[in-house]
Amino acid sequence: MKRLLAGALALMFTAVAAPGGAGAADDYPSRQITLIAGFPAGSGADVYARFFAKKLEEKLNQTVIVENKPGGLGSLSVVALKNAKPDGYTMLIGSADQFTAAPHVFKAPPYDPLTDFDYIAPVFSQAFMMLVSAKSPYKHISELTAAMKEKGDKASYATPNFPATILAEMYKANAGGLETLQVRYKTSADSLNDFASGSIDYMVGDPVFGLARSRDGTLRILAVSTAKRISSVPDIPTFQEEGVPNVDVRIWWVLAAPKGTPKPILDKMHKVMTEVTTSDEARRFVGTNGGEPMTLDSPQATLDYATMDVRRWEDWAKIGKIEKQ
């Protein structure tokens with residue numbers, strides 16, 4: 001009888017103490033949380049990460065720090081997440097394509113986006129923008145297209161990353177088969193000198209860069225990459241409205257954890273992250289930078305969306321003519 005009682009108590013203790021047990025999130029978080037970010041400190045994306053880290057810190061009443069791990073097209077940060085302890089104290093916040101594009105941009109991906117991680121919640125979505133010099137004569141996509149057709153392969157454009165490359169190829173194909181030549185840059189800012197000299201005709205950039213350069217009078221925004229206008233910048237038309245069909249590129253940010261993180265912690269962080277992203281302060285912050293809050297019902301719904309995104313990146317990689325690295 002004593003042995004039976006001891007066994008029953010042991011089973012009860014195991015059920016409560018197990019990583020997925022009901023008590024897993026009762027006192028979570030009880031110490032500092034680290035958010036890995038796959039971009040340099042001080043970059044535009046880093047500003048996003050630190051804003052949301054601060055908001056999570058306020059909600060959780062616990063210190064939340066950002067640890068920058070740039071490099072490898074974002075893969076270094078994702079590998080660091082994969083190797084982290086799945087206890088809810090190390091997560092990653094950043095663009096979901098760091099995960100979902102991997103099978104289509106790497107010859108030997110260092111992780112599987114759908115089996116190596118637990119997806120918690122989306123953070124926001126973001127379009128890309130078609131940009132020209134503020135001194136250029138082009139005020140509409142149709143004017144730019146006409147000029148690029150005339151210049152043929154003597155025209156050139158700037159791209160700083162894969163989403164920009166994909167959007168640029170969509171534009172070239174759907175605007176009548178332009179022959180403009182791509183010039184790749186490490187960052188959007190690296191292209192500004194070439195814009196100033198006139199050696200670059202246009203650029204595809206992210207909205208943080210595009211809106212900042214539009215506000216300081218350096219560049220002009222001609223269109224956004226989404227099928228519908230962005231609510232935070234409703235005066236900027238879509239490619240469709242400007243006469244270029246079949247253009248719809250939107251990236252999204254996600255909060256993710258190492259595979260095996262206890263479900264109660266995932267559920268709690270999903271609830272908290274959703275409260276943060278739908279707050280008025282977050283809406284204003286994201287909107288200022290050309291983004292829109294994005295929510296999904298659960299961690300499972302976030303995984304389902306990531307699964308769709310992996311398939312979408314397969315198509316995008318073909319459109320963008322991206323060679324695996």
Side-chain angles (χ1 to χ4, degrees), residues 18-20 24-25 33-40 45 48-49 52 66-126 161-166 249-270 273-274 294-325:
I33 292 173
T34 297
L35 293 185
I36 300 172
F39 19 78
Y48 271 126
F52 285 105
V66 174
E67 183 177 335
N68 300 91
K69 289 186 176 294
L73 302 174
S75 66
L76 295 185
S77 61
V78 183
V79 170
L81 181 70
K82 176 184 175 181
N83 295 332
K85 187 176 180 180
D87 57 3
Y89 289 95
T90 302
M91 292 173 279
L92 183 149
I93 188 167
S95 180
D97 58 83
Q98 294 174 104
F99 299 92
T100 56
H104 313 299
V105 301
F106 294 119
K107 292 178 181 177
Y111 45 82
D112 187 311
L114 301 181
T115 62
D116 289 340
F117 308 99
D118 284 320
Y119 293 93
I120 298 171
V123 183
F124 63 89
S125 65
Q126 194 176 55
N161 49 43
F162 287 140
T165 296
I166 291 161
V249 175
R250 181 190 297 267
I251 65 166
W252 59 298
W253 271 44
V254 69
L255 183 67
K259 189 68 176 179
T261 300
K263 186 177 184 301
I265 291 177
L266 297 176
D267 291 339
K268 181 172 184 175
M269 286 305 301
H270 175 272
M273 190 75 248
T274 301
M294 177 179 173
T295 61
L296 292 167
D297 291 341
S298 64
Q300 179 60 50
T302 310
L303 171 60
D304 292 344
Y305 195 87
T307 302
M308 178 279 297
D309 206 33
V310 171
R311 295 194 298 267
R312 179 167 60 182
W313 266 96
E314 182 177 10
D315 295 333
W316 281 358
K318 293 175 182 177
I319 293 170
K321 303 173 185 177
I322 295 172
E323 295 183 6
K324 290 186 177 183
Q325 301 184 17

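Below, all heavy atoms of this structure are taken into account, side chains as well, without hydrogens, waters or symmetry copies.
Two residues are said to be in side-chain contact when any heavy atoms from C-beta on lie closer than 4.5 Å; Ile120 and Val254 fail this criterion. By the 4.5 Å heavy-atom criterion applied to side chains, Leu73 and Phe162 are counted as neighbours. Residues Ile93 and Val66 have side chains not in contact (no heavy-atom distance under 4.5 Å, counting atoms from C-beta outward).
Applying the salt bridge (Lys or Arg N to Asp or Glu O under 4.0 Å) criterion to Asp267, with sequence neighbours excluded, gives Lys263.
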Exercise. Please assess Phe117 against Val78 for the test side chain to side chain contact (heavy atoms under 4.5 Å, CB included), listing each intermediate value before the final yes or no.
Key: CA-CA 9 Å; Phe117 308 99; Val78 183; 3.2 Å; yes
> Between Met273 and Phe52, does a side chain to side chain contact (heavy atoms under 4.5 Å, CB included) hold up when you go through it step by step?
Replying inline: CA-CA 9 Å; Met273 190 75 248; Phe52 285 105; 3.7 Å; yes
* Could you go step by step and tell me if Tyr119 and Tyr305 meet the ring pair (Phe, Tyr, Trp, His ring centres under 6.0 Å) rule? -> CA-CA 10 Å; Tyr119 293 93; Tyr305 195 87; over 10 Å; no
Run the numbers on Leu255 and Leu35 for side chain to side chain contact (heavy atoms under 4.5 Å, CB included), then give the verdict. CA-CA 9 Å; Leu255 183 67; Leu35 293 185; 3.9 Å; yes
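To the nearest 0.5 angstrom, Ile36 atom CD1 is 6.0 Å from Glu67 atom CD. From Gln126, atom CD reaches atom CD1 of Ile251 across 5.0 Å, with rounding to the nearest 0.5 Å. In this structure, the separation between OG1 on Thr261 and CG on Leu266 is 5.5 Å, given to the nearest 0.5 Å. Note that CG of Leu81 and NZ of Lys259 are 12.0 Å apart. Values are rounded to the nearest 0.5 Å.
Within 6.0 Å of CG in Asp112 there are more than 12 heavy atoms belonging to other residues, nucleotides or ligands.
With hydrogens and angles disregarded, no donor-acceptor distance shorter than 3.5 Å links the side chain of His270 to the backbone of Ala121. Side chain of Asn68 to backbone of Phe39: a donor-acceptor contact under 3.5 angstrom is found. Under the 3.5 Å distance criterion, the side-chain polar atoms of Ser95 are left unmatched by any main-chain donor or acceptor of Gln98. Not one N or O on the side chain of Thr90 forms a donor-acceptor pair closer than 3.5 Å with the backbone of Pro86. Remark: the backbone N or O of Gly260 is paired with a side-chain donor or acceptor of Asp118 at under 3.5 angstrom.
Of all non-hydrogen atoms in Pro70 and Leu76, the two that sit nearest each other are O-CD1, 3.5 Å. Residues Tyr111 and Ala102 approach most closely at CE1-CB, 3.5 Å, considering heavy atoms. Shortest non-hydrogen contact noted between Ser77 and Gly74 is OG-O, 2.7 Å. For Lys82 against Pro110, the heavy-atom pair with the smallest separation is NZ-O, 3.3 Å.
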Please list, one pair per line, the donor and acceptor atoms closer than 3.5 Å that link side chains of residues 311-325 to other protein atoms, with sequence neighbours excluded.
unit_1: Arg312; atom_1: NE; unit_2: Asp309; atom_2: OD1; d: 2.9
unit_1: Arg312; atom_1: NH2; unit_2: Asp309; atom_2: OD1; d: 2.6
unit_1: Lys324; atom_1: NZ; unit_2: Pro103; atom_2: O; d: 3.2

